[in-house]
2 protein chains.
Amino acid sequence: MLFFTQCFGAVLDLIHLRFQHYKAKRVFSAAGQLVCVVNPTHSLKYAPTRCAGAQTSVEQGILPPCHHHEAVHDPQLVPCTCPLYSCPWEGHLEVVVSHLRQTHRINILQGAEIVFLATDMHLPAPTDWIIMHSCLGHQFLLVLRKQEKYEGHPQFFATMMLIGTPTQADNFTYRLELNRNQRRLKWEATPRSVLECVDSVISDGDCLVLNTSLAQLFSDNGSLAIGIAITTSKVHNAEDEM
Amino acid sequence: MLFFTQCFGAVLDLIHLRFQHYKAKRVFSAAGQLVCVVNPTHSLKYAPTRCAGAQTSVEQGILPPCHHHEAVHDPQLVPCTCPLYSCPWEGHLEVVVSHLRQTHRINILQGAEIVFLATDMHLPAPTDWIIMHSCLGHQFLLVLRKQEKYEGHPQFFATMMLIGTPTQADNFTYRLELNRNQRRLKWEATPRSVLECVDSVISDGDCLVLNTSLAQLFSDNGSLAIGIAITTSKVHNAEDEM
């Protein structure tokens with residue numbers, strides 16, 4: 001049985017949802033797999049006027065969507081890891097998840113294998129689709145980004161980050177899988193830590209990269225289903241050493 | 001035990017070969033897998049002056065590397081499918097393989113699973129790495145191409161074509177796999193027929209696409225190992241229907 005979680009609080013049309021459910025089920029067949037419909041968010045970080053506005057409001061003492069803390073220069077504190085906003089928040093790694101949930105309304109899903117169903121793939125770049133994934137006692141941040149690295153040629157970049165340290169991240173392997181139209185694309189890698197910048201992972205291209213035509217081939221009715229699985233990396237290493 | 005086939009007749013340095021053998025064996029662990037070292041060929045098709053020269057020599061009755069036949073307008077005849085040269089040859093589908101072997105010196109490998117080891121990945125675009133693969137009673141053409149779709153940003157495109165009709169091609173699934181540096185990328189699709197143009201498959205991006213940074217992550221000492229497997233598509237369909 002498949003469960004649907006509507007991730008960003010909007011009420012979705014039930015007929016459309018059932019259609020997406022059916023399609024996602026056809027593509028990702030594992031029973032009991034959680035399918036999450038993820039709506040896009042137009043990233044504010046790339047809009048200079050809005051960023052400047054937010055910065056001004058911080059300077060004027062008006063709080064932006066994130067709570068602003070005075071700089072305390074505590075090396076234990078990490079900045080906000082939300083790739084959507086230039087958020088001035090900082091806090092301990094343990095409270096990053098609750099900050100992302102409460103302030104940025106990023107939903108969290110439980111389960112070893114989930115299906116991330118990104119809607120409205122046609123929206124212009126820059127656009128992000130973001131979700132948190134709770135698995136094997138840790139939380140991961142999945143970011144799908146539509147971005148124009150080469151002007152006029154938007155591409156899709158998908159990566160998974162551990163909300164934890166780089167040493168903890170080394171213990172895991174994540175897999176992203178696309179499967180449609182008699183084509184299958186799988187990407188497996190060690191997640192990066194959110195302490196590293198998601199922007200640099202994407203600009204380095206060290207992630208799943210899709211050009212527009214491939215994204216269209218894998219999309220269904222404007223939505224892209226990405227199967228996600230996380231394992232401990234012992235399995236991965238054992239395969240390598242075989 | 002692994003076998004090496006040196007595909008383009010050049011004598012390779014044995015020490016380098018052993019190193020590559022060891023590396024390829026570490027990456028692709030299946031026993032008995034055939035590893036083929038494939039040297040690059042700078043495509044003449046993209047060099048306008050050389051093409052013009054070849055064209056002139058045809059017009060003057062001087063034979064280019066391919067034998068030139070007068071146009072006979074026989075619908076059973078297919079043009080030369082070699083993506084390297086603007087070759088005026090045409091002939092029946094059954095003799096395409098011998099044309100590619102004899103005239104374009106493209107080697108042919110036998111085996112259900114082989115490793116394609118493309119050397120000198122650093123060479124400037126446009127460059128092609130080409131091999132034929134004999135499997136399940138059919139011959140396939142594997143093309144890896146380095147090309148600049150966006151000026152100054154070379155990308156790698158890999159695809160497999162059946163030397164047969166589109167109907168025959170529908171019976172197969174090919175898999176290309178890269179595996180290195182704790183990253184794994186798999187592409188599975190139905191091969192296209194060589195009667196369709198390899199250039200259009202690549203310009204559509206309906207193939208395995210690698211940007212330069214990913215190609216570097218998967219390369220070892222300037223060589224890229226691609227694991228290739230071909231199956232009948234019944235297996236693929238059965239998985240989809242599960």
Side-chain angles (χ1 to χ4, degrees), chain A residues 25-31 148-157 159 169-192 200-218 233 235-242, chain B residues 25-31 148-157 159 169-192 200-218 233 235-242:
Chain A
K25 192 180 168 188
R26 234 183 44 161
V27 174
F28 296 96
S29 51
E148 286 190 13
K149 253 180 135 173
Y150 317 120
E151 213 184 310
H153 300 283
Q155 288 178 292
F156 293 88
F157 303 87
T159 189
D170 281 344
N171 296 321
F172 298 98
T173 298
Y174 73 97
R175 191 183 71 220
L176 305 179
E177 182 176 346
L178 306 171
N179 186 355
R180 203 176 166 262
N181 266 330
Q182 292 184 296
R183 287 159 186 85
R184 188 176 292 178
L185 187 61
K186 278 189 202 179
W187 165 259
E188 263 181 52
T190 304
R192 299 287 189 93
S200 66
V201 172
I202 286 172
S203 65
D204 290 349
D206 184 13
C207 53
L208 177 64
V209 186
L210 286 180
N211 55 34
T212 317
S213 51
L214 262 191
Q216 274 171 353
L217 279 167
F218 283 115
S233 43
V235 177
H236 188 87
N237 291 340
E239 276 179 29
D240 282 349
E241 284 156 14
M242 263 169 71
Chain B
K25 193 181 167 188
R26 235 182 43 158
V27 174
F28 296 95
S29 51
E148 287 190 13
K149 254 179 135 173
Y150 317 120
E151 212 185 312
H153 300 282
Q155 288 178 293
F156 294 88
F157 303 86
T159 190
D170 282 343
N171 296 322
F172 298 99
T173 298
Y174 73 97
R175 191 184 71 219
L176 305 179
E177 182 176 346
L178 305 171
N179 186 355
R180 203 177 166 260
N181 267 330
Q182 291 184 297
R183 287 160 186 84
R184 188 175 294 178
L185 187 62
K186 278 187 202 179
W187 165 259
E188 263 181 53
T190 303
R192 300 286 190 92
S200 67
V201 172
I202 286 171
S203 65
D204 290 349
D206 185 12
C207 53
L208 177 65
V209 186
L210 286 179
N211 55 34
T212 317
S213 52
L214 262 191
Q216 273 170 354
L217 279 167
F218 284 115
S233 43
V235 178
H236 189 88
N237 290 340
E239 275 179 30
D240 281 349
E241 285 157 13
M242 263 169 71

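Convention: sequence-line order gives letters A, B, ...; per-chain numbering from 1.
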Kindly indicate whether the side chain of [X], heavy atoms from C-beta on, has any atom under 4.5 Å from the side chain of [Y].
X: K149(A); Y: Y150(B); value: no
X: R183(A); Y: W187(B); value: yes
X: L217(A); Y: D206(B); value: yes

- Task: Would you please name every residue forming a salt bridge (charged side-chain N to carboxylate O under 4.0 Å, His left out) with R175(B), sequence neighbours left out?
- Result: E177(B)
Need one label for [X]: side chain, backbone, both or neither, based on atoms under 4.5 Å from any heavy atom in chain B.
X: E151(A); answer: neither
X: L185(A); answer: both
X: F218(A); answer: side chain

- Mind checking side-chain hydrogen bond (donor to acceptor under 3.5 Å, both in side chains) for N211(B) and listing every partner two or more places apart, or none if nothing turns up?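 Only S213(B) meet the side-chain hydrogen bond (donor to acceptor under 3.5 Å, both in side chains) criterion with N211(B).
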